[in-house]
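Written below as C-alpha cells is the structure these notes are about.
Note that the numbering runs from 1 along the sequence shown for the chain.
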Amino acid sequence: MAEMEWSCLLDLEPLYRPDRKTSPRRPAFDQDADRITFSAPFRRLANKTQVHPLYDHDHIHHRLIHSVETASVGRSLGLEVGYWLEEEVKIAKGGQAIVAGLVHAACLAHDIGNPPFGHSGEAAIGAWFAERFDRGEGLFADRDACFAEEFEAFEGNAQGFRILTRLEMNRPGGMRLTHGTLGAFIKYPVTARVRKTIAVHDGGLKKFGVFESERAELEAVAARTGLIAGDATATWWRRHPLVLLVEAADDICYNILDLEDAFTTGDLGYGDVAPLLSEIAGFSPKDDRGDTPAEKIAVLRAVAIGKAFEACSGAFAENYDAIMGGRFAGALVSASAQAENFAAIESLANERIFTSPRKTELEVMGRNLVHRILDGILPVIEALAAAGWQADGLDGYPRQLQRALGIDLRHARDPYSALHALADYVSGMTDRYAVKIAEMISR
C-alpha cells in the first residue's frame, strides 16, 4: 500500500496563493499561527465553553485558554516527534521545526469552529435543523440539494475548516494558511454525504470534517500534501499524520485539565483527582513542604502533561508504518503506555464531571437559547429568499433584525448557502452574546 511522503505533508505553500513569498526570517508556519491568533474567531473563544458553561471563576478553562495550552503541548509533541524523524532520517535536517510549527498552528485553530455552549451547542444546532428538515417546509423542502446531513449533525470541526478557508477575511482561501497547517487541522477529511457511502470507517473517520461548500478546498489540501485516497472514488482521504499529534495534544489537555477544573469547582475532591494524576506523573506529592491541595494538584498536572506527551510521541514511533500508510485508525493516547490511566480519567469524567447538576442545567438552558435564536432569525433568511436573494430587497422587521444583529448575508445565494449563513451566525456567538441575543429576540 502507498505511503505518504513528508516532502508533501510538510508543504508550506499557502492555499490559493502559490505566488506568496515568505521570508527566511519568518517561517510560513509562524505566519499561520499569527493569522490564527489575531483573528476575531480565535478571540471569541475567550467566551466559549470548554466544559463548564458561563462560570464566574477566573481559573476555569474556556476555549481560548484551552486552545493556547493545547498549542503549547502540540508544539512540544511536534518537537519530540520531529527530533525522532530527523534522527531516523525520515525528514531532512531542519524538518523538526516545521513539524512543531505546523502542529502548533493547527492546535491553535483546532476549536475555532466550536459554537457556544461547547458540544451541547453543537447538538442543539443539529437538533434544530433536524426538526426543520423533518417538517420539510420552505427552505428545508429539498433535503438533497441542501445537504441536510451536514446540518442535522452540525460539526464544529467542519465549521472550523470553513472559517479558516472561506469566512475569515472573506476571500477565496480565507486566511490562506499553508497546506501543511490545513492538513494537520483536518481531523476527518471527508464530507458528511460521502461519509454515508463508506462501508467501513477504518481511517479514523468517526465524524465528517468538511462541509460540501468547502469540498474544493479539501481537495486542494489533499492533493498538495499527498494524502492517501480512501478508495477508488478519491472523494475522501486518510488522515494527515500530524492530525494525530494535534488530536493527542487536545486529548492530553482536556483530560488532565478537566480534572484540575473539576477540583477547582468542587465537583471532585483531592482524593478523586490526585491519585489519577499521580499514576500518570509517576509520583505522589509529599506532605512535608506545606503545599496546599491546589498547589499539589498543579505540580501533578504539570508533570503528568510532560509524561503524557512523551508517551504519545513514543506511540507515534511505534505505529509509524501504519500511520504513514493511513492504516492507523485510533488515537495516540489510546495506543500509548498511558492508555489505561487516561481511560480511568475519562471514566471518572463521564460519571462525575459531565453530569454535574450545574453543568446539566446550563446545557439545557443553552439548548433552549440556541433554538430560540435560530427560530428568531429564520425570518430574515426566509425574507431574503422572498427577495430573490438580494439583501437590498429586505425591508420591515427582517431588515431591522438583520441590521441590529449584524447577520452576514453576503454568502447567501440559495437555500443551501443561506442555511450555512444561519449556522455561521449562531455558531460564531460567544456564550454570553447568545444569552444577550436570545433576550433581545424574546422581548
Side chains of [X] and [Y]: does their closest heavy-atom pair fall under 4.5 Å?
X	Y	value
Asp375	Trp128	yes
Arg43	Thr37	no
Gln96	Leu79	yes
Phe42	Val68	yes
Arg132	Glu137	no
Leu108	His104	yes
Ile98	Leu102	yes

For the pair [X] and [Y], name the ring-plane relationship: parallel under 30°, tilted 30 to 60°, perpendicular over 60°.
X	Y	answer
Phe140	Phe129	tilted
Phe185	Phe161	parallel
Phe211	Phe208	tilted

Tell me the closest heavy-atom pair linking [X] and [Y], and the distance in Å.
X	Y	result
Val221	His179	CG1-O, 3.8 Å
Ile256	Arg301	CG2-CG, 3.6 Å
Arg195	Val190	N-CG2, 3.7 Å
Leu227	Trp237	O-CD1, 3.7 Å
Val380	Ile407	CG2-CD1, 4.3 Å
Leu139	Cys146	O-SG, 3.6 Å

Separation of [Y] [atom2] from [X] [atom1] (nearest 0.5 Å):
X	Y	atom1	atom2	result
Asp251	Ser334	CG	OG	7.0 Å
Ile186	His240	CD1	NE2	9.0 Å
Leu348	Leu259	CG	CG	6.5 Å

Test your reading of the model: is there a side-chain donor-acceptor pair from Lys93 to the backbone of Glu86, 3.5 Å cut-off? no
Is the closest side-chain donor-acceptor distance between [X] and [Y] under 3.5 Å?
X	Y	answer
Trp389	Asp414	no
Thr181	Asp32	yes
Glu150	Tyr416	yes
Asp111	Ser67	no
Asn341	Gln338	yes
Ser213	Arg166	no
Tyr188	Glu155	no
His66	His110	yes
Gln159	Asp424	yes
His411	Asn170	yes

How far apart are the C-alpha atoms of Phe117 and Val370, what are their side-chain angles, what is the distance that settles it, and do they pass the side chain to side chain contact (heavy atoms under 4.5 Å, CB included) test? CA-CA 9 Å; Phe117 310 113; Val370 167; 4.1 Å; yes
Should the heavy atoms of other residues, nucleotides or ligands under 6.0 Å from [atom1] of [X] be counted, would the total exceed 12?
X	atom1	result
Glu88	CD	yes
Glu131	CD	yes
Tyr16	OH	yes
Lys90	NZ	yes

Answer with yes or no after comparing the ring centroid distance for Trp84 and Tyr320 against a 6.0 Å cut-off, counting only values under it.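 When the ring centroids of Trp84 and Tyr320 are compared, they turn out to be within the sub-6.0 Å range.
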Could you go through Arg35 and Glu168, starting from their C-alpha distance and side-chain angles, then the distance that decides it, and tell me whether this counts as side chain to side chain contact (heavy atoms under 4.5 Å, CB included)? CA-CA 10 Å; Arg35 289 188 175 205; Glu168 187 62 10; over 6 Å; no
Here's a test for you: under side-chain contact (heavy atoms from CB on, under 4.5 Å), which of Leu277, Ile252, Asn255 qualifies with Ile305? Ile252
Does Glu247 form a salt bridge (charged side-chain N to carboxylate O under 4.0 Å, His left out) with Arg239? I'd like the steps, not just the answer. CA-CA 11 Å; Glu247 184 178 59; Arg239 303 203 288 174; 3.5 Å; yes
Working note: Arg352 + Asp272, criterion salt bridge (charged side-chain N to carboxylate O under 4.0 Å, His left out); need CA distance, chi angles, decisive distance, verdict. CA-CA 10 Å; Arg352 301 273 299 280; Asp272 300 311; 3.4 Å; yes
Should Glu152 and Arg143 count as an ion pair when the cut-off is N to O under 4.0 Å? yes
What do the steps show when you test Met429 against Ile373 for side chain to side chain contact (heavy atoms under 4.5 Å, CB included), and what is the final call? CA-CA 11 Å; Met429 291 181 168; Ile373 293 167; 3.8 Å; yes
Please lay out, stage by stage, how Asp408 and Tyr425 fare under the test side chain to side chain contact (heavy atoms under 4.5 Å, CB included). CA-CA 7 Å; Asp408 189 350; Tyr425 179 71; over 6 Å; no
